[in-house]
Amino acid sequence: MIRKMVHRILHFLHQTTNAIMRGDLSQRIPLTENEDKSDEVATAINAMLDGISQQMDGLRQTSNAIAHDLRAPIARARAELEDAVVHAHTEVALRTTIDHAIAHLDHVTSICDALLRIAQIEIGSRHSAFTWFDLIPALQDVLELYAAVAEDREITIKTNFPEKLPFYGDRAMLQQAMANVLDNAIKFSPAQSLITCSAQVLSPKRHSKNGGTIRLSIADRGLGMTPEDMAHATKRFFRAEQSRHIAGSGLGLSVVQAIVQLHDGQLHLADNNPGLIVRIDMPLPRTESDNVTEINR
């Protein structure tokens, strides 16, 4: 009986892998529907093949998006430079064209940098930079960086932070995540509007292995997103229809998502009616929960 089951699995596994090697990623191992051990093995292998197929589809879509998003600014830079060769008769006109071309190429560089950053985060190579630090000064440094940009747009940034907030993670990465979210909030908000930034410690749930949860929230009064857009917002190169006229690469929230996942956290998007609320929940190790409670008294 066991020999027969093993023979069946090996037979269909051979058939399926051969079909996949020929390029047919839709092939799966058939089930006997007898709910025996061979079906359990086949179901596990089929689930693995489903995951691989989904990853291949995602890779294909990402590759197409990368090609499109890199080709467009490079083509614009080339066209402007070619036009300048023929029509730029003054130094001012030539310098203007060169400045435009540099801006297009800077956009290409930013896309490449973001993709490399996501890849680095996803392979987990940044865990070596994890350490305990006070999250509040790190957040305030980012806010100070964007204060002038917000002021130019007549946007007010209001904060609600505790005095101290110990956290275990990668300081630079979390500042990058905060910067990306804040940059989007400013970019998509109208003049004379309000952005609210808050941070707090949520108590651990009963039987939780964590020492609580750090919650960061940034709420704006801007364009916002539809529920459908929110479901796709962290996909690479995704851009909502109502925001396509605003410059961007569609990678900002993808980077945020990767950073949050690196810290075993969750990224949540919600309607602020109008605007968007971005919530980042990240667990605290239980070993430092007493210190967090003591510092925030």
Side-chain angles (χ1 to χ4, degrees), residues 58-123 125-126 141-155 157 172-173 175-191 193 195 220 222-223 225 229 232-259 276 278:
L59 180 61
R60 191 177 299 110
Q61 293 171 6
T62 300
S63 298
N64 290 338
I66 291 172
H68 177 271
D69 278 65
L70 292 182
R71 185 177 184 275
I74 292 173
R76 284 194 293 268
R78 189 179 191 280
E80 290 183 7
L81 290 173
E82 281 187 335
D83 184 70
V85 170
V86 178
H87 300 103
H89 301 301
T90 66
E91 182 180 347
V92 173
L94 185 59
R95 286 185 177 276
T96 300
T97 301
I98 292 174
D99 287 341
H100 288 169
I102 290 173
H104 292 315
L105 296 178
D106 283 345
H107 181 60
V108 172
T109 301
S110 68
I111 292 175
C112 294
D113 287 345
L115 290 170
L116 289 172
R117 195 176 300 117
I118 292 171
Q120 182 187 38
I121 297 167
E122 288 181 341
I123 64 175
S125 62
R126 287 302 300 255
D141 286 347
V142 176
L143 290 169
E144 184 178 348
L145 183 65
Y146 281 88
V149 180
E151 186 177 349
D152 288 343
R153 295 283 306 278
E154 299 182 37
I155 295 173
I157 300 178
M173 283 292 178
Q175 286 183 310
Q176 178 70 69
M178 178 74 171
N180 284 14
V181 177
L182 189 58
D183 183 71
N184 280 346
I186 294 173
K187 187 187 301 181
F188 298 120
S189 291
S193 61
I195 295 174
D220 63 58
L223 294 176
M225 291 185 182
D229 288 340
H232 299 284
T234 59
K235 293 181 178 179
R236 297 173 196 181
F237 298 104
F238 174 81
R239 304 198 68 199
E241 284 299 326
Q242 66 267 33
S243 64
R244 287 189 176 276
H245 65 287
I246 300 175
S249 65
L251 287 169
L253 285 179
S254 298
V255 174
V256 175
Q257 174 81 317
I259 292 172
L276 185 69
V278 179

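- Residues satisfying the side chain to side chain donor-acceptor pair (under 3.5 Å) criterion with Glu154, sequence neighbours excluded, are Gln192.
- Taking all atoms of both residues into account, the shortest heavy-atom contact from Ser189 to Ile155 is CB-CD1, 3.9 Å.
- Looking at residues two or more places apart in sequence or on another chain, you find no side chain to side chain donor-acceptor pair (under 3.5 Å) involving His100.
- Here the side chain of Ser254 pairs a donor or acceptor atom with the backbone of Thr234 at under 3.5 angstrom.
- Take Asp83 and apply the side chain to side chain donor-acceptor pair (under 3.5 Å) test, not counting sequence neighbours, and it matches His87.
- Under the side-chain contact (heavy atoms from CB on, under 4.5 Å) criterion, Leu145 pairs with no residue at all, not counting sequence neighbours.
- Every residue meeting the side-chain contact (heavy atoms from CB on, under 4.5 Å) condition with Ala93, not counting sequence neighbours, appears here in chain and number order: Ala88, Thr90.
- At least one side-chain heavy atom of Ile157 sits under 4.5 Å from a side-chain heavy atom of Leu182.
- We find the CG-CD1 distance between Leu105 and Ile98 to be 11.5 Å, quoted to the nearest 0.5 Å.
- Here Asp106 pairs with nothing under the salt bridge (charged side-chain N to carboxylate O under 4.0 Å, His left out) rule; sequence neighbours left out.
- Note on residues 141-150: pairs passing salt bridge (Lys or Arg N to Asp or Glu O under 4.0 Å), not counting sequence neighbours, are Asp141-Arg171.
- In this view, Arg78 and Glu82 satisfy the salt bridge (charged side-chain N to carboxylate O under 4.0 Å, His left out) rule, not counting sequence neighbours.
- Residue His232 holds its NE2 atom at 14.0 Å from CG of Leu253, rounded to the nearest 0.5 Å.
- Taking the side chain as every heavy atom from C-beta outward, Tyr146 and Ile186 approach each other to under 4.5 Å.
- If you take CG on Asp183 and CD on Gln176, they are separated by 9.5 Å, rounding to the nearest 0.5 Å.
- For Arg95, the side-chain contact (heavy atoms from CB on, under 4.5 Å) partners at least two apart in sequence or on another chain are Glu91.
- Contacts of Thr97 classified as side-chain contact (heavy atoms from CB on, under 4.5 Å), with partners at least two apart in sequence or in another chain: Glu80, Leu81, Ala84.
- A donor-acceptor contact shorter than 3.5 Å is absent between the side chain of Asp220 and the backbone of Ile195.
- Here the NZ atom belonging to Lys235 is positioned 11.5 Å from the CG atom belonging to Asp229, to the nearest 0.5 angstrom.
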